[in-house]
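This report concerns only the one structure given below.
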Amino acid sequence: MADSHQYTNHDVAEHLRLIANLKEIKGEGRFHYLAFRNAAEVLDALGEDINDIAAAGTLTDLPGVGKGVAEVIAQFLASGDSELAQKLRSQVPVSLVTLLEVEGLGPKKVARLWRELGIETLDELKAAAEAQKIRQLKGFGSKSEEKILRGIALLAQKQSGRTPLGVARPAVLGLIADLKAALPADALTAIEPAGSVRRWQETVGDLDILAITPRPDEVMAAFCSLPQVSETLWRGETKSRVRLKNGLECDLRAVAPTHWGTALQYFTGNKQHNIELRELALKQGWSLSEYDLEATGKGAAPAGEKRYFESEEALYAFLGLDWIPPEMREARGEIALARRHDLPRLVTVTDIRGELHGHSDWSDGKASIREMAEAAIARGYRYWLLSDHSIGLGVTGGVDAEKLARQRRIVDELNRGWADAGVDFRLLLGVELEILADGRLALPDDALAELDVVVASIHSSLRQDRETITQRALNAIANPHVDILGHPTSRLLGKRPPTEIDMERVLRACAETGTVLEINAHPARLDVNDIYARRAVELGCKIAINTDAHQPQHMDFIEYGIAVARRAWLRPEDIINTLPLDKMRQALK
DNA sequence: GCCGTTTTCGGCCCGACTGTTTTCAGTCG
């Protein structure tokens with residue numbers, strides 16, 4: 001069993017990307033290597049375990065996976081390698097793939113540096129550039145050498161690569177606010193975040209901002225001289241790129257109102273969604289760009305005829321599609337759904353009626369029970385679960401049966417006060433129950449039985465092997481008092497990878513027992529992610545979206561959790577905390 | 001290499017910029 005799960009979906013995707021890169025450097029046709037890269041994307045977005053699919057013999061049912069790719073996947077799962085990769089490695093040094101990461105170097109240039117100068121590694125590349133050997137090559141000059149050296153230096157200081165949305169989104173909103181403040185009102189008609197921030201992707205490569213302006217020059221000048229900017233990387237008439245002091249890069253593009261619909265669509269992406277949309281347009285006789293639709297002459301309209309769109313809705317509608325929310329634009333089948341006018345009604349922040357995971361100063365929270373509950377009331381919530389950490393977690397005091405009994409008296413008294421005042425709100429008492437390293441739960445069943453809702457979570461021994469840590473979660477799920485599994489993979493974005501937990505087994509167990517799966521909305525967690533959330537609902541699980549608030553302001557994080565749910569295509573009826581109190585309680589175990 | 005509202009063969013997004021060139025290939029998003 002353990003052997004059959006030796007490699008994850010991500011491992012397979014990386015192997016396919018390696019093959020794509022080697023093929024590209026080798027000079028194989030575009031579509032041959034793109035096929036492997038596309039298949040890698042499909043695997044990364046797959047909620048199911050690829051081992052199960054391979055075992056069932058249905059690999060070629062996956063979109064983008066044909067006979068060739070399926071064979072490579074099967075070999076890799078069995079042995080950790082494939083004949084194709086072995087053959088490619090014998091023809092192209094693997095170390096060349098690293099050179100592709102140098103900005104400005106693509107497959108063609110890397111191949112020439114290797115074939116004509118024998119360069120195989122970053123060190124050799126650096127030495128050749130410093131010795132001014134690269135300029136001897138046709139098509140390369142002194143600037144190429146400078147750029148390569150800059151690229152190598154940048155690569156060395158670049159950290160983990162992608163930035164958590166919780167950092168990127170406030171940064172973009174701050175830039176937009178500052179830009180608005182720095183410009184006269186008539187210089188900016190509209191300005192919006194685009195790219196992966198607009199799609200609420202959990203991590204972001206660089207920032208994209210789109211503006212409508214009658215005077216692009218003025219906007220570009222203001223943008224490049226914002227206080228957050230450390231360096232202008234490029235400045236053109238309608239787009240500029242800067243590096244910020246926090247290391248992020250940000251693009252600003254300015255367009256006329258006529259182009260807003262096509263431009264916003266284009267700069268929102270993702271890339272593959274745009275490609276599919278453009279292919280669809282082509283089939284209808286139109287070529288789609290960020291500026292307009294232009295008739296190709298192969299459709300009804302005469303070649304060269306142009307159509308402009310001042311909104312995304314109008315553009316999608318012209319192509320026969322319902323408007324697709326940005327969170328869904330990931331080329332995961334949303335275009336087909338929009339064509340059939342069958343897009344789900346995605347959950348929104350205003351659907352949420354309460355939360356089922358939060359802390360007070362009884363454990364590691366920063367506010368009193370009353371302050372937290374009043375913050376929930378102020379947000380219009382009808383219920384909120386007090387769930388302080390249980391004993392068994394070293395870093396906090398933790399509540400035990402005796403403390404829970406004391407909390408119960410406080411909760412009852414607070415509830416009586418609100419009832420007397422006519423406030424439609426119920427403070428629920430629960431616990432964030434520690435799942436101990438050996439799989440036991442930190443509190444006995446009779447203590448749990450007294451509580452309204454029990455959230456069980458793993459915080460320790462996160463490096464256990466797949467079987468051990470999965471079994472811990474399964475033990476908790478099997479307990480009749482455990483209602484919710486909290487932040488199931490225990491990851492911290494950019495800081496700590498997910499545990500080895502076998503999510504397919506966990507999700508199936510949750511579905512069978514009626515245990516609710518949490519989408520933890522804290523931007524450092526976003527756990528489970530969109531992929532598992534979607535798989536969970538496919539398997540029949542119920543979901544709760546919780547901010548895990550440790551102070552009142554944390555409740556603002558709910559929009560991040562909602563975004564995860566929307567990226568998972570979830571509707572209000574998939575989420576139990578969109579329900580009124582009595583219905584929500586019925587939905588628990 | 002994959003795929004099917006034109007198709008089991010013949011397609012496979014689009015534009016902008018850079019650096020090096022005298023008209024464009026390579027890279028990027």
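Hydrogens, waters and symmetry mates play no part in the numbers below; they use all other heavy atoms, side chains included. Sequence lines set the chain letters: A, B, ... in the order given, protein chains first and strands last, and positions in each chain run from 1.
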On a whole-Å scale, what distance lies between the [atom1] atoms belonging to [N] and [M]?
| N | M | atom1 | answer |
| --- | --- | --- | --- |
| B:dT20 | B:dC24 | C1' | 9 Å |
| B:dA16 | B:dT22 | P | 24 Å |
| B:dT21 | B:dC14 | P | 31 Å |
| B:dT6 | B:dT23 | P | 40 Å |
| B:dG10 | B:dG15 | C1' | 25 Å |
| B:dC12 | B:dT8 | P | 16 Å |
| B:dG11 | B:dC17 | C1' | 28 Å |

Under a 3.5 Å threshold, yes or no: a donor from one side chain and an acceptor from the other, between [X] and [Y]?
| X | Y | result |
| --- | --- | --- |
| A:Ser230 | A:Arg243 | no |
| A:Asp527 | A:Thr489 | yes |
| A:Gln228 | A:Asn246 | no |

Contacts of A:Gly141 and A:Leu100 projected onto DNA chain B by closest heavy atom; the upstream (5') one is A:Gly141
Starting at the 5' end of DNA chain B, which residue's closest nucleotide do you reach first, A:Arg150 or A:Glu249?
A:Arg150
Of the candidate nucleotides [options], which contains the atom at the shortest distance from the side chain of [X]?
| X | options | value |
| --- | --- | --- |
| A:Arg241 | B:dG1, B:dG29, B:dA16 | B:dG29 |
| A:Lys109 | B:dG1, B:dT27, B:dG29 | B:dT27 |
| A:Val69 | B:dG19, B:dC2, B:dA16 | B:dC2 |

Is the backbone N or O of A:Lys87 less than 3.5 Å from a side-chain atom of A:Ser90, with the two atoms forming a donor-acceptor pair by type?
yes
Lys NZ or Arg CZ of A:Arg169 over A:Trp200 ring: under 6.0 Å, within 45°:
yes
Would you mind classifying the nucleic acid contact of [X] as base, sugar-phosphate or nothing, using non-hydrogen atoms under 4.0 angstrom?
| X | answer |
| --- | --- |
| A:Arg112 | nothing |
| A:Lys138 | nothing |
| A:Ser142 | sugar-phosphate |

With A:Glu124 as reference, evaluate A:Leu113, A:Leu99, A:Ile119 under the side-chain contact (heavy atoms from CB on, under 4.5 Å) test and give the passing residue.
A:Ile119
Can you tell me how far CG of A:Leu277 sits from CG of A:Leu321, rounded to the nearest 0.5 angstrom?
6.5 Å
For [X] and [N], what is the distance between atoms [atom1] and [atom2] respectively, to the nearest whole Å?
| X | N | atom1 | atom2 | result |
| --- | --- | --- | --- | --- |
| A:Lys298 | B:dT6 | NZ | C1' | 10 Å |
| A:Arg253 | B:dC28 | CZ | P | 15 Å |
| A:His32 | B:dG10 | NE2 | C1' | 13 Å |
| A:Glu41 | B:dC2 | CD | C1' | 16 Å |
| A:Leu34 | B:dC3 | CG | P | 14 Å |
| A:Phe31 | B:dC12 | CZ | P | 7 Å |
| A:Ile209 | B:dG29 | CD1 | C1' | 16 Å |
| A:Arg30 | B:dC14 | CZ | C1' | 10 Å |

Where along residues 265-293 of chain A does a heavy atom fall under 4.0 Å from DNA chain B?
A:Tyr266, A:Lys271, A:Ile275, A:Arg278, A:Glu279, A:Leu282, A:Lys283, A:Ser287, A:Leu288, A:Ser289, A:Glu290, A:Tyr291
Can you tell me if A:Ser144 touches the phosphate of B:dT20, counting only side-chain N or O atoms and a distance under 4.0 Å to OP1 or OP2?
yes
What class does the angle between the rings of A:Tyr291 and A:His259 fall in, given that below 30° is parallel, 30 to 60° is tilted and above 60° is perpendicular?
perpendicular
B:dT8 pairs with which nucleotide, Watson-Crick or G-U wobble, both distances below 3.5 Å?
none
Under 4.5 Å between any side-chain heavy atoms of A:Lys138 and A:Arg112, yes or no?
yes
